Number of protein chains: 2
Amino acid sequence: MKTQLKKGTLDMCVLAVLAKGDSYAYQLVTQLSTGMDISEGTIYPLMRRLQQEAWVETYLVESASGPSRKYYRLTTAGHTALAAMRDEWRSFVNEVEAVVFAPDASGASS
Amino acid sequence: MKTQLKKGTLDMCVLAVLAKGDSYAYQLVTQLSTGMDISEGTIYPLMRRLQQEAWVETYLVESASGPSRKYYRLTTAGHTALAAMRDEWRSFVNEVEAVVFAPDASGASS
DNA sequence: ACAAGGTACCTTGTAATACAAGTATGTGAC
DNA sequence: GTCACATACTTGTATTACAAGGTACCTTGT
């Protein structure tokens, strides 16, 4: 999958997944890897950014099958940010498609 | 407009505009700046990339109002690449929206 | 007890790309 | 002669995704 297209969308995707329920980084990689394809080297810096923006907060939970898991929970600001990102994403997609799938572009035989 | 979202889409947008008719960089900036917002510092390196991929070819046309214009014309390979990009864009949007606008995400209580 | 393998965390360094700011040249207006 | 505009181009900076590596915990086999 094209790396460049993902730029700026992964934070929105992660926030959207967290909106459905708390999770931890390793699991997010697993969940999002079906389809979106995100890797560990990406998620950890990303989670730190989200936390620095105060969009998520963390708590530790012990695991029976490995080290403690650091769960992330969406804050109120996180929900707000997610909503804004969804809007921005929608407008962006509309603008791109207005250019790329313009009525005149390919179909007509002129 | 969010810079990061544009990553990887501008080349597709430029190819799509060129599919409707030849143009030169300065004009592309003007056209795409209504909506997409692309800047000169972006377009010139981008055009060179497109040319290196052999997706566009150039020819010079003298202008009565300034330096000669370097027009870009889509090659056959360029049309093919544009079609592939459109497909990839569509799948990408679908995958993102499957995550971000998932049925379960925001509406339900509980 | 020890090795192996999966879970889970995190940190480098690298590549791609968009942009602001600057350089240069031609043309016409004042 | 200077100013503004059209047009081409360059350089340096920021953001981000990723591969590759490293640490630590826990279970299972031997």
Side-chain angles (χ1 to χ4, degrees), chain A residues 1-15 22-33 35-53 55-56 58-72 85 88-89 92 95-96 99, chain B residues 1-15 22-33 35-53 55-56 58-72 85 88-89 92 95-96 99:
Chain A
M1 175 182 268
K2 278 266 199 62
T3 292
Q4 294 301 321
L5 286 182
K6 300 186 208 166
K7 299 276 176 92
T9 63
L10 290 182
D11 40 4
M12 175 175 62
C13 290
V14 165
L15 290 180
D22 298 1
S23 188
Y24 52 100
Y26 192 84
Q27 179 172 275
L28 285 167
V29 170
T30 307
Q31 284 179 246
L32 286 172
S33 273
M36 278 298 300
D37 217 21
I38 188 176
S39 73
E40 280 192 51
T42 303
I43 197 93
Y44 287 102
L46 197 160
M47 297 317 291
R48 207 171 321 119
R49 268 182 270 147
L50 296 184
Q51 192 173 8
Q52 272 174 353
E53 301 281 355
W55 292 337
V56 298
T58 67
Y59 54 95
L60 285 175
V61 174
E62 288 186 28
S63 162
S65 63
S68 292
R69 297 166 176 165
K70 189 192 265 184
Y71 274 84
Y72 293 87
M85 285 177 183
E88 206 155 3
W89 166 255
F92 176 71
E95 274 163 17
V96 170
V99 171
Chain B
M1 175 182 266
K2 277 265 200 61
T3 291
Q4 293 302 319
L5 285 183
K6 299 185 208 165
K7 298 276 176 90
T9 64
L10 290 183
D11 41 3
M12 176 176 60
C13 290
V14 166
L15 291 179
D22 298 0
S23 188
Y24 51 100
Y26 191 84
Q27 180 171 271
L28 286 167
V29 169
T30 307
Q31 284 180 246
L32 286 171
S33 274
M36 278 300 298
D37 216 22
I38 187 175
S39 72
E40 281 191 49
T42 304
I43 197 94
Y44 287 101
L46 197 161
M47 296 318 290
R48 206 170 323 120
R49 268 182 272 147
L50 296 184
Q51 191 172 6
Q52 272 174 354
E53 300 281 356
W55 292 336
V56 298
T58 68
Y59 54 95
L60 284 176
V61 174
E62 287 186 30
S63 162
S65 64
S68 292
R69 297 167 175 165
K70 189 191 265 181
Y71 275 83
Y72 294 87
M85 285 179 184
E88 205 156 2
W89 166 256
F92 176 71
E95 274 162 17
V96 169
V99 171

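Residue numbering restarts at 1 for every chain, and letters A, B, ... go by the order of the sequence lines. Computed from a predicted structure; not experimentally measured.
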Under 4.0 Å protein heavy-atom contact, by nucleotide of nucleotides 25-30 of chain C - B base, S sugar-phosphate only: B-SS--
Nucleic acid contacts of residues 25-33 of chain B, taken as heavy-atom distances under 4.0 Å to DNA chain D: B:Ala25, B:Tyr26
Heavy-atom closest contact (B:Glu40 atom, B:Pro45 atom, distance): O-CD, 4.5 Å
Where B:Val96 and A:Cys13 come nearest, the two heavy atoms and their spacing: CG1-SG, 4.3 Å
Nucleotide interval of DNA chain D bounded by contacts with chain B (heavy-atom cut-off, under 4.0 Å): D:dA6 to D:dT16
Sole residue of A:Tyr71, A:Tyr44, A:Tyr59 in ring-ring contact (aromatic ring centres under 6.0 Å, His included) with A:Tyr24: A:Tyr71
Touch class at under 4.0 angstrom, heavy-atom based, for A:Thr42 against every strand present: base
B:Tyr72 backbone acceptor or donor facing B:Thr58 side chain under 3.5 Å: no
Given DNA chain D, 5'-ward residue of the pair A:Arg49 and A:Glu40, judged by closest heavy atom: A:Arg49
Residue whose closest nucleotide on DNA chain D lies nearer the 5' end, B:Arg69 versus A:Gly8: B:Arg69
Sugar-phosphate only, base, or nothing, as touched by B:Lys7 at under 4.0 Å among non-hydrogen atoms: base
Any side-chain heavy-atom pair of A:Met47 and A:Leu28 under 4.5 Å: yes
A:Asp37 backbone acceptor or donor facing A:Lys6 side chain under 3.5 Å: yes
Short side-chain N/O contact to C:dC19 OP1/OP2 from B:Lys6, under 4.0 Å: yes
Min side-chain heavy-atom separation A:Leu15-A:Val56 under 4.5 Å: yes
Heavy-atom check, side chain of A:Lys2 versus side chain of B:Phe92, under 4.5 Å: no
Nearest-0.5 Å distance that lies between atom CZ in A:Arg69 and atom OG in A:Ser65: 5.0 Å
DNA chain C: 5'-proximal contact among B:Ser39 and A:Lys70 (nearest heavy atom): A:Lys70
Check: A:Ser33 side chain, A:Ile38 main-chain N or O, donor-acceptor pair, under 3.5 Å: yes
Side-chain touch B:Gln31/A:Val99, heavy atoms, less than 4.5 angstrom: no
Touch class at under 4.0 angstrom, heavy-atom based, for B:Asp37 against every strand present: sugar-phosphate
